Asks: 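Have a look at the structure that comes next, please.
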Amino acid sequence: MNTHKEEILAKSRQAQQDEGIEHGIIKGTVLGNHYVGIVGVAIILFSTFVGQFLVVYAVLMLHGAHGFGEFLAKYRYFKQKRYLAGVILFGIVYTGYFAFLFVWSIGILQGWWG
């Protein structure tokens, strides 16, 4: 039993990876994602309150792009169908909001929505 534990420790030392640092990076990423979500919701609520709906679409596009990137990375690593479904869903959301903002910015829809 002790030899097995020593082998694992030796392999870990040879890999030169500090699991504490990796854990900290993962926790920091998760916490950062939560803060981005909270700030995004706050911006959406404030923008809706003051009538700046274009900002709402921009924030939603950024969240769609973030979700797309997150699910793409997970799908490339795990190769699971649920992550592929997330890639497709967030890809549609991101592309849709991007297309809407692009069309709005060049003025095609300004006559329709004011």
Side-chain angles (χ1 to χ4, degrees):
M1 179 94 169
N2 261 349
T3 58
H4 183 63
K5 183 177 179 181
E6 291 171 8
E7 289 176 20
I8 292 173
L9 287 173
K11 286 181 184 180
S12 177
R13 288 185 190 120
Q14 287 176 351
Q16 295 180 353
Q17 292 178 340
D18 189 350
E19 292 178 6
I21 292 173
E22 290 179 11
H23 180 73
I25 291 170
I26 291 169
K27 286 292 188 181
T29 302
V30 169
L31 188 60
N33 288 342
H34 289 309
Y35 284 134
V36 167
I38 291 168
V39 170
V41 168
I43 290 171
I44 287 172
L45 291 175
F46 179 74
S47 298
T48 302
F49 179 73
V50 297
Q52 295 292 326
F53 296 108
L54 197 58
V55 174
V56 173
Y57 295 123
V59 171
L60 290 173
M61 183 188 72
L62 287 173
H63 280 290
H66 178 268
F68 176 79
E70 183 177 347
F71 276 95
L72 181 62
K74 288 179 181 179
Y75 176 71
R76 291 178 70 186
Y77 184 76
F78 294 112
K79 301 288 186 200
Q80 293 180 356
K81 290 182 182 179
R82 64 181 175 167
Y83 296 129
L84 179 60
V87 168
I88 293 168
L89 175 69
F90 279 104
I92 291 169
V93 169
Y94 169 68
T95 305
Y97 282 121
F98 180 78
F100 180 81
L101 285 174
F102 179 77
V103 169
W104 180 280
S105 68
I106 61 172
I108 293 174
L109 297 178
Q110 289 181 1
W112 294 349
W113 276 289

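For reference, positions follow the sequence shown, starting with 1. If you're wondering where the values come from, they're calculated on a predicted model, not measured in any experiment.
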Asks: Out of curiosity, Gln52 CD to Ile44 CD1, how far, rounded to the nearest 0.5 Å?
Replies: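 Going from CD on Gln52 over to CD1 on Ile44, the span is 14.0 Å.
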Asks: Could you tabulate the donor-acceptor pairs under 3.5 Å formed by side-chain atoms of residues 65-75, not counting sequence neighbours?
Replies:
residue	atom	partner	partner atom	Å
His66	NE2	Asn33	OD1	3.0
Glu70	OE2	Lys74	NZ	3.2

Asks: Give every residue pair that meets the side-chain hydrogen bond (donor to acceptor under 3.5 Å, both in side chains) criterion with at least one member in residues 77-95, sequence neighbours excluded.
Replies: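 Residue pairs with at least one partner in residues 77-95: Gln80-Arg82.
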Asks: Please tell me whether Leu45 and Val39 are part of a single hydrophobic cluster in this structure, the criterion being side-chain heavy atoms less than 4.5 Å apart.
Replies: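 Different hydrophobic clusters.
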Asks: Under a 4.5 Å side-chain heavy-atom rule over Ile, Leu, Val, Met, Phe, Trp and Tyr, are Ile88 and Phe90 clustered together?
Replies: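 They do share one cluster, since a chain of ILVMFWY contacts under 4.5 Å joins Ile88 to Phe90.
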Asks: Heavy atoms only: give me the nearest Ser47-Val56 pair and the separation to one decimal.
Replies: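 Reported closest heavy-atom pair: CB-CG2, 3.8 Å.
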Asks: Is there a path of hydrophobic side-chain contacts, each under 4.5 Å between heavy atoms of I/L/V/M/F/W/Y residues, joining Leu54 to Tyr97?
Replies: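 Per the 4.5 Å side-chain linkage, Tyr97 and Leu54 are co-clustered.
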Asks: Quick one: CZ on Phe98 to CG on Leu60, what's the gap to the nearest 0.5 Å?
Replies: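 The CZ atom of Phe98 sits 15.5 Å away from the CG atom of Leu60.
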Asks: Is there a path of hydrophobic side-chain contacts, each under 4.5 Å between heavy atoms, that joins Tyr57 and Met61?
Replies: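 Tyr57 and Met61: one cluster.
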Asks: Hydrophobic cluster membership, with links at side-chain heavy-atom distances under 4.5 Å among I/L/V/M/F/W/Y: are Leu101 and Ile92 in one?
Replies: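 No; tracing contacts between hydrophobic side chains, which count when under 4.5 Å, never links both residues.
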Asks: What distance do Ile43 atom CD1 and Leu62 atom CG have between them, rounded to the nearest 0.5 Å?
Replies: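 Separation between the atoms: 9.0 Å.
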